[in-house]
Amino acid sequence: YPQAVIFDLDGVITDSAEHHFLAWQQLGQELSIPFDRQFNETLKGVNRMDSLERILSLGQANDRYSETEKTALAEKKNRYYVESIQHLTPQDVLPGIIDLLKDLRQNKIKIAMASASKNAQFVSERLEVDHYFDHIVDAATVEKSKPHPEVFLKAATAVGVAPTDCVGIEDAAAGVEAIKSAGMRAIAIGDADILNAADLVLTDTSKLSLTTLSGVFSK
Ligand code: B16
Ligand code: MG
């Protein structure tokens, strides 16, 4: 078994990736920069300001706004997002996640969260999963966005486990890249074509278990 499992939040523990998509899409429409789900894949796991820059580049609009205006745009997106996550409940935890968290605790395997989201603590509390975690990295302390490994390395350090003894679980291509650059095993949830850099790709979270984790670990 791994000694620590490091979870992404959005798209792994809950489907808040969909809420992020809708909030960015709303802002995009207001800026006359429409985009689809395929483009949205490139935003997953990427922090707020970097996501905004990617959307502005899509519309060739990076130079159209001052830094102050960009901050205001990012805050606007966050308001849409925060509004949409107010009603999250424990029922919004994706299938198989609670059983896995319980199994990990029972086996004394450390559990950490490496989300790019500054709303991660709030979302974890709404879902009532926060108490399972030995550590939740504060995204505000992370300088470099995924695919940089910083957030995963911070999580491993916080629980005192070497990266080579960790498994990371992600739904985003940028996140899988971050896990691999951190020197960890990666399990991805989603489309195998997009997430092919992972050691194992599962179609959905119900396929996660101690057995799947140990499988990827003994590779
Ligand atoms: P916030 P994760 C990421 O969370 C999301 O995938 C990404 O879409 C979002 O822009 C980012 O968090 C920042 O979130 O605006 O709430 O700080 O997938 O790393 O858990
Ligand atoms: Mg994610």
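Order of appearance sets the numbers: ligands from 1, and atoms from 1 within every ligand. This one's a predicted model, so the numbers in the text were calculated from it and none came from an experiment. Position 1 is the first residue of the sequence, and the numbers go up from there.
Between Asp103 atom CG and Ile98 atom CD1 the span is 11.5 Å, to the nearest 0.5 Å. With rounding to the nearest 0.5 angstrom, the CD atom of Glu41 is 4.0 Å from the CD1 atom of Ile194. Rounded to the nearest 0.5 Å, atoms CD1 (Ile85) and OG (Ser117) are 7.0 Å apart.
Under a 4.0 Å N-O distance rule, the pair Lys180/Glu177 does not qualify as a salt bridge. Under a 4.0 Å N-O distance rule, the pair Lys44/Glu170 does not qualify as a salt bridge. Using a 4.0 Å cut-off between charged nitrogen and carboxylate oxygen, Glu30 and Lys76 count as a salt-bridge pair.
Polar contact check, Asp8 against ligand 1: a nitrogen or oxygen pair lies under 3.5 Å apart. At under 3.5 Å, not a single nitrogen or oxygen of Glu170, backbone or side chain, sits near a nitrogen or oxygen of ligand 1. Backbone and side-chain nitrogen or oxygen atoms of Asn78 are examined, and none is located within less than 3.5 angstrom of a nitrogen or oxygen of ligand 1. Residue contacts with ligand 1: Lys44 is placed with no nitrogen or oxygen under 3.5 Å of a nitrogen or oxygen of the ligand (distance criterion only).
When hydrogens are left out, the protein atom nearest atom 13 (C) of ligand 1 is Ala116 O, 3.5 Å; that is the closest non-hydrogen contact. Atom 10 (O) of ligand 1 has as its closest protein heavy atom Val46 O, 3.0 Å. Scanning all protein heavy atoms for the shortest distance to atom 3 (C) of ligand 1 gives Asp10 OD2, 3.4 Å. Ranking protein heavy atoms by distance to atom 15 (O) of ligand 1, first place goes to Arg48 NE, 2.7 Å. Nearest to atom 8 (O) of ligand 1 among the protein's heavy atoms is His20 CG, 3.6 Å.
The Mg ion (ligand 2) has no N, O or S atom of Glu170 closer than 2.8 Å.
Taking 4.0 Å as the cut-off, Gly45 counts as a neighbour of ligand 1 on heavy-atom distance.
Taking a 6.0 Å sphere around CD of Glu83, one finds it holds 12 or fewer heavy atoms contributed by other residues, nucleotides or ligands. Counting heavy atoms of neighbouring residues, nucleotides and ligands inside a 6.0 Å radius, atom CG of Asp36 exceeds 12 of them.
Both the sub-6.0 Å distance and the 45° axial angle are not jointly satisfied by Lys154 relative to the ring of Phe152.
Close approach of ligand 1 to Leu9 (heavy-atom distance below 4.0 Å) involves ligand atoms 20 (O). The distance from ligand 1 to the heavy atoms of Ser51 drops below 4.0 Å at these ligand atoms: 10 (O). Per-residue contacts place Ser115 under 4.0 angstrom from the following atoms of ligand 1 (heavy atoms of the residue considered): 2 (P), 4 (O), 19 (O), 20 (O). Counting atoms of ligand 1 from 1 in the listed order, those under 4.0 Å from a heavy atom of Asn119 are 1 (P), 16 (O).
If you look at Lys118 next to ligand 1, the close heavy atoms, those under 4.0 Å, come from the backbone and the side chain alike.
Of all N/O/S atoms in Asp10, O sits nearest the Mg ion (ligand 2). Sorting the N, O or S atoms of Asp8 by how far they are from the Mg ion (ligand 2) puts OD2 first. Of all N/O/S atoms in Asp171, OD1 sits nearest the Mg ion (ligand 2).
Ring geometry, His20 versus Tyr81: the interplanar angle falls under 30°, so the pair is classed parallel (tilted spans 30 to 60°).
Smallest separation of non-hydrogen atoms from Ile6 and Met113: CG2-C, 4.5 Å.
A side-chain donor-acceptor contact under 3.5 Å links Asp199 to the backbone of Ala186.
With Ser117, Ala23, Ala178 as candidates, the residue nearest to atom 14 (O) of ligand 1 on a non-hydrogen basis is Ser117.
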